[in-house]
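The structure appears right after this line, and notes come after that.
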2 protein chains.
Amino acid sequence: MVTIYDIAKACGCSSATVSKALNNYPDVSAKTREKILKKAKELGFVPNLQARALITNKTWNIGVLFEDKSHSGLTHYFFSQVLQGVKEQAEEKGYDITFISKNLGGVEMTYLEHCNRRKIDGVVIACIDFEDPQVTELMESDLPVVAIDFITSHIGSIVSDNVKGLYEITKYMISLGHKDIVYVYGHETHVTEERIRGFRKALDEASIPFSERMLVKSKYSEREDSEEAVEYIIKRGNLPTAIIFPDDCAAIWGIKTLRSHGIKVPEDISVAGFDGVEIGEMVYPRLTTMRQDTSRLGKEASLRCIQMIETKVHNPTMTTIGVELIEGGTAMPPREKDVILKPKKKN
Amino acid sequence: MVTIYDIAKACGCSSATVSKALNNYPDVSAKTREKILKKAKELGFVPNLQARALITNKTWNIGVLFEDKSHSGLTHYFFSQVLQGVKEQAEEKGYDITFISKNLGGVEMTYLEHCNRRKIDGVVIACIDFEDPQVTELMESDLPVVAIDFITSHIGSIVSDNVKGLYEITKYMISLGHKDIVYVYGHETHVTEERIRGFRKALDEASIPFSERMLVKSKYSEREDSEEAVEYIIKRGNLPTAIIFPDDCAAIWGIKTLRSHGIKVPEDISVAGFDGVEIGEMVYPRLTTMRQDTSRLGKEASLRCIQMIETKVHNPTMTTIGVELIEGGTAMPPREKDVILKPKKKN
DNA sequence: TAGAAAGTCGAAAACGATTTCGGAGTTTTC
DNA sequence: GAAAACTCCGAAATCGTTTTCGACTTTCTA
């Protein structure tokens, strides 16, 4: 491997000058700079980032932290899109990304320790249990940290407009004529709180009384949990006319479960998801859902993290990314349950 | 950040001894070793991998190379599962993974150059255009390289049993009574060749004459291309009774296109995919397909790469991973087209 | 034309580890 | 009781960069 010393020797100058020429320092004459650059290319010089990092204390690496306990991390549709965004933006700015884990080669270590070993410049967190003390440790460290869909006082946050998201989709359901709507919520996190706020806001505006029955707990995005939630809704009787799920996969598994009980979607019951990932488009009929701009979520997080790294100011900030209703085919006006409307026809 | 010098000072010994104690060298007494380890933990020492890498020439980093031009890399269902496998196995062995790209911070560079900058220990390649001269350059370099679903004479290969895959699924279609089967193939790569071999083998065994009409070209995994292929099949007339697609997504988009023309699946035409990703299970009815053990594909690639790194012998090897038929609901016996069977009923 | 200012360059220290080799001290061997 | 063998440790070189600071040239200014 060719080093700056090789170039120095070939050019008859010192390694210091080579380094300066390569890094556009002003105190090297145009002539020598040119000679050095030419020689560097000629010899196929590639700078050694390890050596550079050692002295500059910057690795050009940003860490990505996400839940991988379920072994589904990267295959998690929402996350993989976010990650794609993070990666693209990081690359554009010259950073590589590294996955942060708790265990490396059989050695237990905290997330922070992993970052310190690799001298990660900053971290993007997504889809993770923010209650984990190790995550807290990381967020409270000196590292620049940006979280997606989580808000706290001392790091950057990029969030989807969850209040609006659930508000809009609920309003949409109401506009179709639904009054008996259930929101199946996932982890009890900030996101869930926001969504429930949006849900209730829409109900309030339509003067539909809220009841605890309208909220059903499930876990996030796991097939079995979604199925369980639906089973529960069916078992307790008195079916709602619409169900909103916390994510598209949950909605799809939910629909499958409903159908397996002979309940037709959307004829008997309307369903909506949340996320707007591609799978929603693959099922029939196309899933009604709220699209989150996942790629932008990732890109903004990446960008924000890099800003924090480069400006060295770590003030907490929050960026909200808009959401968009996708009118698919899994929601329609509810059946006229009783003959209430018949008298009207008599007129 | 605390260094080995800090530990040395605190223990009244030299940095050399600290290093040795930390790395289990034999020439340090149990007593001092213990003292050093204790102090290291007490001070919260975390080794600096950059510094270590500089001298040992090993970064504990493996690179992952995949196509990201289409901006769909990480969200590509098949790949994300493979990547998950690569990552898990790498982590278990103490390696981090880094995505290799052609462009970093607006600076064009070859894949190999990216690897050299980061001093990547080895590379796993998947889902990529193996014709790319940059990929060739990488494969011909001194780096340990393992490819998934590609075979060449000088690197490690992990491949699914594609011959068997298409053989089995074709045989299955034949066993249902299909004779007029189309295989929609993707990129003309090694994988495609193998699959076509399997396809023809099944036909031969059943004495079904092969015709060029049975092969229809499409691109790999892009929605529009799959739709186009189906449109073509419809337009040219004389529909086959079964279509096998090169991957599950293509199959799902294909089914959507067929249905949009009023063709029922599986009643009018049977369909099968390939890959066995989760989406196949989400659609109705469940997609008939061949499951590839994606996670294992990734894990084996990772493991093989690490072996090459650690043993320093880069002999080309090939590992084949089995596939498994999933009988879904998108394939059934073909309609009895004409009244050929009626005479039988007379009996 | 002398002195100041600007422009170039290089020696050397630093970053944080690993590893070689030899020396000092201790124990074993004959 | 001396030589040989073994234990334990540290000085110093090394990996490939960056960066400071002083020195030397050249150009500018009055």
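In what follows, chains carry the letters A, B, and so on, assigned in the order in which the sequence lines appear, proteins first and then strands, with residues in each chain numbered from 1. This is a predicted model, so every value here is computed, not measured.
Of the listed nucleotides (D:dG10, C:dC15, C:dA12), C:dA12 has the atom at the smallest distance from the side chain of A:Ala16.
Rounded to an integer number of Å, the gap from B:Arg52 CZ to D:dG16 P is 18 Å. When the P atom of C:dG16 is taken as reference, atom CZ of B:Phe45 falls 10 Å away, rounded to whole Å. Atom P of nucleotide C:dG10 and atom CD1 of A:Ile7 are separated by 14 Å, given to the nearest angstrom. If you measure from atom NZ of A:Lys31 to atom P of D:dT26, you get 11 Å, rounded to the nearest angstrom. The interatomic distance linking A:Asn116 (CG) with C:dG16 (C1') rounds to 14 Å, in whole Å. Going from atom CD1 of B:Ile4 over to atom C1' of D:dG10 covers 12 Å, rounded to whole Å. Straight-line distance from the CD atom of B:Gln50 to the P atom of D:dT14: 23 Å, rounded to whole Å. The CG-C1' distance, from B:Leu22 to D:dG10, rounds to 16 Å in whole Å.
Between A:Thr56 and the phosphate of D:dT17, there is no side-chain N or O to OP1/OP2 separation shorter than 4.0 Å. In this model, the phosphate group of D:dG10 is not approached by any side-chain N or O of B:Ser15 to a distance below 4.0 Å at OP1 or OP2. Remark: A:Ser14 is not in phosphate contact with C:dC9, judged by side-chain N or O atoms under 4.0 Å from OP1 or OP2.
The residue A:Ser19 sits close to a base: some heavy atom pair falls under 4.0 Å. Backbone-only engagement by B:Asn23 is indicated by non-hydrogen atom pairs under 4.0 Å involving sugar-phosphate atoms exclusively. Residue A:Val46 is classed as a sugar-phosphate contact, given heavy-atom separations below 4.0 Å to backbone atoms only. Within the 4.0 angstrom heavy-atom criterion, only backbone atoms of the sugar-phosphate kind lie near A:Asn48; the bases stay farther away. When heavy atoms are screened at a 4.0 angstrom cut-off, A:Tyr25 is found touching the sugar-phosphate backbone but no base atom. In this structure, B:Thr3 reaches the sugar-phosphate backbone alone: every heavy-atom distance under 4.0 Å involves primed, P, OP1 or OP2 atoms, never a base.
A salt bridge links B:Glu310 with B:Lys58: the distance from a Lys NZ or Arg NE/NH1/NH2 to an Asp or Glu carboxylate oxygen falls below 4.0 Å.
A distance below 6.0 Å separates the ring centres of B:Phe99 and A:Phe99.
B:Asp27 contributes no side-chain N or O that forms a donor-acceptor pair with the base of D:dC8 under 3.5 Å. Between the base of D:dG10 and the side chain of B:Lys20 there is a donor-acceptor pair shorter than 3.5 Å.
Proximity of a side-chain donor or acceptor of B:Thr59 to a complementary backbone N or O of B:Lys119 within less than 3.5 Å is detected.
Taking for each of B:Thr17 and B:Tyr5 the nucleotide of DNA chain D with the nearest heavy atom, the 5'-most of the two is the partner of B:Thr17.
Counting heavy atoms from C-beta on, the side chains of B:Phe78 and B:Cys127 come closer than 4.5 Å.
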*asked:* Pair B:Glu34, B:Lys38 - check salt bridge (charged side-chain N to carboxylate O under 4.0 Å, His left out), show working.
replied: CA-CA 6 Å; B:Glu34 206 171 326; B:Lys38 191 175 147 225; over 6 Å; no

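Within a 6.0 Å sphere centred on NZ of A:Lys93, other residues, nucleotides and ligands contribute 12 heavy atoms or fewer.
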